[in-house]
Structures are given as C-alpha cells and as structure tokens.
S.K.: 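Attaching a single structure in structure tokens format; questions to follow.
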Amino acid sequence: MLLFIIISSLLCSNSVYAEKDGGLCTPMKGTNCFGNDITMAGVVGDSATCCQKCQEHPLCGAWTWNANEGSPPHECWLKYNCAGNVSDANSVSGVTPVQPKKSFINGVNMGGWLLTETSWMYDQFNSPAEADWIAASRRGSGDAYTIQTMKNHWAGYIPDKALDTLAQFGTNTVRIPIGYWIMDTPVSGGSTMYDFGFNHEGFVTGGINYLEAMLVKLKARNIKALIDIHAMPGGSSKCQSYAGWQVNDDGFWQGASPPEDNTTAIISGCGGGAGPYYSSRGNAKTWLELGAEYVVKVGDWIVGVEQNSSVSGVIMGMEVVNEPGLGWSGIGNDIRWLANATVPIVQGKFKANNLKLDIILNFIGPNEQGMGAWVKQQQTQGILPNNITIDYHNYYNWDGQLSWSQLNAKICGTSPNNSPWQQYVTNDLPVVIGEWSQSTNLGAKAFTDLTNPQVVGNLTVLWGNQISLYATTSGVVGNFHWALRMGSGWQPSPSSQYPNGHQIAGTDWDHSLPGFGPAVWNMGELIRVGVATPMHKLNITGLCQCSTCHN
C-alpha cells in the first residue's frame, strides 16, 4: 500500500530570522520561540550552551533558553523554527538566518471518520465499503434511520478528548480523508451540500457540517488540517474500501460515463457482497472528468471557509486523489491528465485569494514509475508549482515475514540513496510520509498484541526507530500516522436507548475490545499503552538514535 502524494508549498511558514549579520547563536533577548518543540535539552547555565546543543542536533533550527530565576530555571528548548515567536522578558532565543528549519509535520490521519472503511476498521458493523453499508441500511431500516446513523457517526466517532490528547501529544497536523459526495446536494429534499439526504450514487450528504465544526475545534488546539479527497466518483482504486465502493473495473480511468438512470449497474463490485453500484446521474462526461470537477469544488470550498475567521488558517492544503489506479496498470497518462487539469485551476484560485495552501497529487504502483522526473519536468515547464513535496506512504505490514530485529534493521539501514522514495529525492523533491503504522507481518498477533508486555516493548522500539527515520533522513519533512483511532466498540446506529449511537461498555476511542486485531493501528491506543512516545520526548540525535530506539 505505497502512496505518493505531491504537495505544493507544503510547509509554507513565516519563519523568523535573526538579524542578517547575526547567526544561530546571536541571542534575541526577550524573545520566546513558542511551540515547534523538538525536545527539552536539559538545564544549562547560559544561552551560549543552549545554542551549542541546537548546533549539535540535526533538526534544530532555533532555540529558547529560560533565563528566569524561578522554577523551572534555565531550561534549554530546541525548536524546528521560531515561527511562533512571542515577547517574553524571561527568555533568550536564537534562530539560524540561513535555510531555517521548517515546522516538521508531526501528524496523524483521521481515517474512518468522514469516509468509513467498513471492511476492516470496525467490529460492530461490517460491509465491503460505505456504499454497500448505506444501501443495506436503506433496504433494511429506511432512509431516515440511515441518515441518522451517519449523523451519529460524524458527530461521535472522534470525541473532543481525542483532540485534547493529540494536542498534548504534540500533533500539529491532521490529514482528513473525505469522499467526493461531501460536496453534493441531496437528489431530493435539499438545495445545498449542508442539507442531509442522498446523492446520485446513494451516499449520505451533509457531512460538510461536521467537517467545518471539526475545523473550529482544531483551530482552538492549534492543529492544522490537510483535506484529502480519498474517494472519487466511479471508484479510482481497485477493490479498496477507502474508495467508497469496491469496484472491479477501471471505469474511472478508462473513459466510462455514468448511466442515465439508477436501474443500470454503473460498475461491477469485487464480490463478497460488494456492488453492483448504481447511479441516477445522467451525464455525458466521464467519471474522470467529473472527478476533476470535484477537485475544483473542494478548492472553491476551501477558498470560502478561509474567509471565515472562526476556521481561517486551519486548512494547510488539499489532496487531489488518494492512491489513483491502485490495482490497475497502464493508466499513467490519465493520472497525469488529472493533475494538469486540476492543479493549475485550484492553484490559481488560491493565489487569487492570497492563500498559501498545498496542492496535493499522488501516485501509487503500478503507475508511479518515473513520476518524480515527470513532476520536475512539469515544474520546469511552469505547469506545476515549483514548491512541490512528495508524500510517500511507508508501510512494513506487507513486506513479508520479518522478525523484530529484521524490521529494525530494515528501518535503520534506510538512507536517501536506498529509500523507497529515492526517485523523488533525486529530483530535489522533499518527501513527507503521508501514512505509516506499527502493524507488521500482516497483523500477526505475535507482533500486534497490545496486552503482551514483550510485544509492547518491541513496538515501543519500532515506534522510536520509525520516527527517527522520518525525522533525520535527508529530504523528509514530516509524517502522518494511520490512524487516530480504530472503530472497535463504536456503534453509530440509533436505538431507543442510544438515539445518538454509543461506544459500548469497556471500550473507548483509545481502548479496543479484547482480541481486536487492528488495535495496533490506533494511535490513541498506542499512546495509552505507552508504545507511542511524543516526538519531543524521544530526544532524537540520529537515525535509530533516540530514548526508545533500543530495548
């Protein structure tokens, strides 16, 4: 499950520079480089010693020394940059004037929320994909019940206490997967995308209300959001639950068009209860052309919400399409067409509104070969923006049977010259790890059992080594863990006792039922059991050199 995403202007920041003739160790008295912490480097006697510690750290671009005589005295904090500088008479800071470090993305994915991956992320309900889940619910319980179920899910799946945990953990960015239908108005009974109903393909509309409410909550916690278009009309990946429907045919890429009525199968499912899928969308345009229109719609929505002071500044960018063409070969030209048909338009809208936001594309096997060179060529020709970052999804779960020592050796032996993302570094394209997890060996219990102290210890080492890889490897500028939570114990369906859905007894967003295999994907669970250590507490000094990198 390798994913490559192109991000334009990914890490735009207002980095604060020292005076031109100064340097990293030129003290800025009365300045606190607030936030953007790497680690607390200890108690030191003077600001010069604090600066020396920053010089010795591979990620440090700024520092703050507490000159206060109070408690705690004279702490030295190492920073990625000084973007959040504030006046503070008790602090002395310094920042490098040449190529200052940008804020490292310390992120997590909000997978399973606005787009349900019903084939594997939950244990109280299961379906091949969201389209199948909704269709079955409508048949068995009716439209009103189905809409309320989705409202319950959107409102309750990510509780406020989970966001508080993220803020305390040091998470600075979340990636929010969405389906294209979040931009749709209901076929009947509504006139805007804020109305609840069903779109032409049967997905429930109105999720945009909860997305915008989430942005308000994120802003209150100083967390940014990356909007990720995970699912496209017609299905842009083969037999994947995250696509909204598990499609078998590559009609999205091969010029297929929606049918004229909802009695004709639009595309075949992958078996096991998936599909067939239907649409009432009569349109002469192909699914691919419609997908391009949805990309622009998301861009227009972002421009609109940026005018709202309650959420402005939270969104840092958008991803055009997730894992395009996974499972199908020979569609590279179509993927490139989608990029060139959408990025210039959306970029133009952002620029016209003075928005410095990211434009994201992504590539995945078997169609990613040569994409690094292609991106560079498009930049040279002025088609794609110059500031482009590649987002690579780095999983070890599908790498075969590996022991703990083999897993750690594989991580610790990675360098820019032998990394899976080498083609992008070679073309001077920065890389962000857009998805990664602690799951290995296809989720075998011997490697995922969070009730086993020995497994927890090994996972703690694996966590530290992976974070150190992303934090110290040249060209890598951040990461997003998959996922914030898994859905064990979560039941969104309304009942007389629980009209708003509920989390069943003994479970929580960070506490799965015993025996729930995918619990190891739940970052909240990893934090609770002590596997996940906040980045600023890892004290990373190099690749596989950190406070938890060894048993």
Side-chain angles (χ1 to χ4, degrees), residues 11 13 15-19 22-107 167-172 222 412 460-461 463-474 476-479 527 530 532-550:
L11 293 171
S13 66
S15 296
V16 176
Y17 290 73
E19 292 183 4
L24 179 64
C25 291
T26 299
M28 299 187 297
K29 296 181 179 180
T31 296
N32 185 341
C33 295
F34 184 77
N36 294 305
D37 296 330
I38 299 174
T39 188
M40 201 281 281
V43 174
V44 301
D46 52 51
S47 61
T49 303
C50 187
C51 180
Q52 182 180 354
K53 288 182 174 293
C54 182
Q55 290 174 317
E56 295 170 352
H57 196 286
L59 297 176
C60 189
W63 54 271
T64 291
W65 179 66
N66 179 12
N68 188 11
E69 296 298 330
S71 178
H74 308 319
E75 288 183 343
C76 174
W77 286 87
L78 306 188
K79 314 277 183 171
Y80 295 110
N81 65 29
C82 197
N85 69 316
V86 297
S87 296
D88 181 356
N90 293 316
S91 295
V92 179
S93 297
V95 59
T96 176
V98 179
Q99 297 180 340
K101 300 289 184 180
K102 297 176 179 179
S103 296
F104 190 83
I105 290 181
N106 187 25
Q168 294 164 6
F169 191 76
T171 300
N172 57 25
N222 198 28
C412 300
T460 303
V461 173
W463 176 279
N465 284 336
Q466 287 203 72
I467 291 291
S468 77
L469 169 64
Y470 308 143
T472 63
T473 303
S474 176
V476 175
V477 296
N479 70 89
I527 293 172
T533 303
M535 188 172 179
H536 63 275
K537 293 184 177 180
L538 283 173
N539 297 316
I540 298 169
T541 58
L543 175 59
C544 296
Q545 297 177 27
C546 72
S547 59
T548 69
C549 287
H550 305 281

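Values reported hereafter were calculated over all heavy atoms of this structure, with side chains retained and with hydrogens, waters and symmetry mates removed.
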S.K.: Given 3.5 Å as the limit, does a donor-acceptor pair link the side chain of Asp88 with the main chain of Asn90, or not?
M.R.: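 Yes; judged by distance alone, with no hydrogens or angles, the pair exists.
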
S.K.: Which heavy atom of Gly107 sits nearest a heavy atom of Thr171, and at what distance?
M.R.: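 Shortest heavy-atom contact: CA-CG2, 4.1 Å.
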
S.K.: Counting only N and O atoms by type, is there a donor-acceptor contact under 3.5 Å from the side chain of Thr473 to the main-chain atoms of Leu469?
M.R.: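 Side chain of Thr473 to backbone of Leu469: a pair is present.
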
S.K.: Do the non-hydrogen side-chain atoms of Val43 and Cys76 ever get within less than 4.5 Å of each other?
M.R.: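 With C-beta onward as the side chain, the pair stays apart.
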
S.K.: Quick one: pull up CH2 in Trp65 and CG in Leu78 and give me the separation to the nearest 0.5 Å.
M.R.: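 If we round to the nearest 0.5 Å, Trp65:CH2 and Leu78:CG are 14.5 Å apart.
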
S.K.: Go through Cys33 and Cys82 one step at a time and tell me if the disulfide (SG to SG under 2.5 Å) criterion holds.
M.R.: CA-CA 5 Å; Cys33 295; Cys82 197; 2.0 Å; yes

S.K.: Any non-hydrogen side-chain atom of Cys50 less than 4.5 Å from a side-chain atom of Glu75?
M.R.: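 Side-chain contact under 4.5 Å: no.
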
S.K.: If you round to the nearest 0.5 Å, how far is SG of Cys546 from CG of Asn539?
M.R.: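 Taking CG in Asn539 and SG in Cys546, the distance rounds to 8.5 Å.
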
S.K.: Identify the residue among His74, Lys53, Gln52 that makes a side-chain contact (heavy atoms from CB on, under 4.5 Å) with Val44.
M.R.: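 Result: among His74, Lys53, Gln52, Lys53 is the only option passing the side-chain contact (heavy atoms from CB on, under 4.5 Å) with Val44.
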
S.K.: Is a donor on one side and an acceptor on the other found under 3.5 Å between the side chain of Asn106 and the backbone of Gly170?
M.R.: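 Side chain of Asn106 to backbone of Gly170: a pair is present.
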
S.K.: Mark yes or no for whether Thr472, through its side chain, and Ser468, through its backbone, hold a donor-acceptor pair below 3.5 Å.
M.R.: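 Side chain of Thr472 to backbone of Ser468, a donor-acceptor pair under 3.5 Å: yes, one is there.
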
S.K.: In Å, rounded to the nearest 0.5 Å, how long is the span from CG of Asn32 to CH2 of Trp77?
M.R.: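 The CH2 atom of Trp77 is 10.5 Å from CG of Asn32, to the nearest 0.5 Å.
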
S.K.: Once you measure the plane-to-plane angle for Phe169 and Trp463, does it fall in the parallel (<30°), tilted (30-60°) or perpendicular (>60°) bin?
M.R.: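 Judged by the thresholds at 30° and 60°, the geometry between Phe169 and Trp463 is perpendicular.
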
S.K.: Heavy-atom distance under 4.5 Å between the side chains of Lys79 and Phe34, does that happen here?
M.R.: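 A side-chain contact is absent here, since even the closest heavy-atom pair is not under 4.5 Å.
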
S.K.: Got Asn479 and Ile105 here, is their nearest side-chain heavy-atom distance under 4.5 Å?
M.R.: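 The answer is no, as the side chains (C-beta and beyond) never meet within the 4.5 Å cut-off.
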
S.K.: Ignoring hydrogens, what is the shortest heavy-atom contact between Trp63 and Cys54? Give both atom names and the distance.
M.R.: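 Of all heavy-atom pairs spanning Trp63 and Cys54, the closest is CD1-CB, 4.0 Å.
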
S.K.: As a quick check of understanding, evaluate side-chain contact (heavy atoms from CB on, under 4.5 Å) for Thr548 and Leu538, giving each step before the final call.
M.R.: CA-CA 7 Å; Thr548 69; Leu538 283 173; 3.4 Å; yes

S.K.: Run through Asn85, Thr64, Thr31 and flag the one making a side-chain hydrogen bond (donor to acceptor under 3.5 Å, both in side chains) with Ser93.
M.R.: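 Only one option passes, and that is Thr64.
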
S.K.: Under a 4.5 Å cut-off applied to non-hydrogen side-chain atoms, are Cys60 and Ile38 in contact?
M.R.: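 Answer yes - side chains close enough.
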
S.K.: Closest approach of Met535 and Ile467, non-hydrogen atoms and distance?
M.R.: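 What the structure gives for the nearest pair is CG-CG2, 4.1 Å.
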
S.K.: Given side chains that start at C-beta, do those of Met28 and Val95 come closer than 4.5 Å, heavy atoms only?
M.R.: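 Heavy-atom side-chain distance check passes, below 4.5 Å.
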
S.K.: Run the numbers on His550 and Val461 for side-chain contact (heavy atoms from CB on, under 4.5 Å), then give the verdict.
M.R.: CA-CA 6 Å; His550 305 281; Val461 173; 5.6 Å; no

S.K.: Should Asn172 and Asn222 be marked as a side-chain contact (heavy atoms from CB on, under 4.5 Å) after you check the CA-CA gap, both sets of side-chain angles, and the distance that decides it?
M.R.: CA-CA 7 Å; Asn172 57 25; Asn222 198 28; over 6 Å; no

